Number of protein chains: 2
Amino acid sequence: MKEQGAKERIISTACDLFYKQGYQATGINQIIEEAGIAKASLYQHFPSKEALLNEYLLITRLNNYEHLLQFTAKMHPGKQKLMGLFECRLERMETSNFKGCAFIRIAYELPGLNQEATAQVHAHTQGLKTFIEEQLLVIKHSFPKGELREMTDMLLNLYEGAGLQGYIQRSVKPMEDTKKVVRKLIATL
Amino acid sequence: MKEQGAKERIISTACDLFYKQGYQATGINQIIEEAGIAKASLYQHFPSKEALLNEYLLITRLNNYEHLLQFTAKMHPGKQKLMGLFECRLERMETSNFKGCAFIRIAYELPGLNQEATAQVHAHTQGLKTFIEEQLLVIKHSFPKGELREMTDMLLNLYEGAGLQGYIQRSVKPMEDTKKVVRKLIATL
DNA sequence: GTCTATACAGTGATAGAC
DNA sequence: GTCTATCACTGTATAGAC
């Protein structure tokens, strides 16, 4: 990891710790220690801890989205890719130790979120909605607009709700069950 | 508020602040200031801030549950009470400034939650499940066991997912939409 | 650019007077 | 039981030497 520049080490360490421990529970001191750099060097690259938070959210969002696209790249648009969304998260829950959606965690941890961070949270949600909507339109080309939005929101709720329950119960079961339910739901379309 | 004992003032202030601002963001100093008592008095009644957290979760859980029971007291068991669960939260979102489910917030804010606090979170979830299951059994007396659990979990996911989206978007719309979807879902039972 | 050393506010928690 | 005063510690952020 030493061959990376200081800034890169700071970012990757901060992203890791912010997600694992939470933003507030992670101190600057821990970040610089694990990144192996001095405190002043951190403030050379980032004016404040909050700036680091914004960077964390941006990078995490892009990574999550990129991962989803790769995961579903070879799937057929429509039902298969829609199921892929759930399988993608299920895989994350099985391989890494899943701590819930990073953006929901931040929104819950910091009731007074700054403007840029809020924008990232919304962008993440909107990205999911768009992905879901696209697949739904492939499945049923002539979706009435109101029903499309309704179905999209319901699937999003199920997706986030299952992730949430899975984290709280420390189990992949809620997500597996939700996957089955979703499969049934879209089978009728 | 002055006629209440010191302990009661501490508890009600802490409950209020922990929910509004989060646990970590709320300092002992703010609690004692708003409660109008001295710091040493607080530690007379509670050995630590963490003890206050456990008290907060217990009281919030009992209050939430009590409120739900009162809200649905005059409704018919079954479909009406099940819809009442969603209407109850909808009402809370409209009247008070809803910050999401208190237990999910705590679970997300503190990845390393103590045993008693974890138990409260689980008890809350279990309480919701039991409530939902009871109504489902009234609706359809001969529910296959697997499907009953499946349906219960799905409704719980929708309930929590909608609360979550509602908080993030600062809108009651996700919960209203979810209510409609749930009404359709249980209409077919 | 990166380091050491430090500033300064804020935290949770205690001691001891009244 | 409740207060004032203070503890030891950690938090973020900066100054100044190399």
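By convention in this document, chain letters (A, B, ...) are assigned in the order of the sequence lines, proteins followed by strands, and residues within each chain are numbered from 1. Values in this document were obtained by computation on a predicted structure and should not be read as measured data.
- When the C1' atom of dA9(C) is taken as reference, atom CD1 of Ile28(B) falls 17 Å away, rounded to whole Å.
- Here salt bridge (Lys or Arg N to Asp or Glu O under 4.0 Å) pairs that include residues 119-137 of chain B, with residues two or more places apart or in two chains, are Lys129(B)-Asp153(B).
- Of all nucleotides in DNA chain D having an atom under 4.0 Å from a heavy atom of chain A, the first and last in 5' to 3' order are dG11(D) to dA15(D).
- Counting only residues at least two apart or in different chains, ring pair (Phe, Tyr, Trp, His ring centres under 6.0 Å) contacts with residues 100-131 of chain A comprise Phe103(A)-His124(A), Tyr108(A)-Tyr167(B).
- For residues 45-67 of chain B, no pair satisfies salt bridge (Lys or Arg N to Asp or Glu O under 4.0 Å), with sequence neighbours left out.
- Annotation: salt bridge (Lys or Arg N to Asp or Glu O under 4.0 Å) contacts involving residues 10-31 of chain A, sequence neighbours excluded, comprise Asp16(A)-Lys20(A).
- Note: CD (Gln24(B)) to P (dG10(C)) measures 18 Å, nearest angstrom.
- Taking atom CG on Asn29(A) and atom P on dC8(C), their separation rounds to 18 Å, with Å as the unit.
- Contact check on Lys184(B) versus Glu147(A) returns no salt bridge, with no Lys/Arg side-chain nitrogen under 4.0 Å from an Asp/Glu carboxylate oxygen.
- By the side chain to side chain contact (heavy atoms under 4.5 Å, CB included) test, Glu116(B) is found to be paired with Asn54(B), Asn114(B), residues two or more places apart in sequence or in another chain being considered.
- Both Tyr23(A) and Ala38(B) sit near DNA chain D, but only Ala38(B) has its closest nucleotide nearer the 5' end.
- Using a 4.0 Å cut-off on heavy atoms, the residues of residues 41-52 of chain B that approach DNA chain C are Tyr43(B), Ser48(B), Lys49(B), listed by number.
- Residue pairs satisfying the ring pair (Phe, Tyr, Trp, His ring centres under 6.0 Å) criterion with at least one member in residues 66-92 of chain B, sequence neighbours excluded, are listed as follows: Phe86(B)-Tyr159(B).
- Counting only residues at least two apart or on different chains, no side-chain hydrogen bond (donor to acceptor under 3.5 Å, both in side chains) pair has a member in residues 93-104 of chain B.
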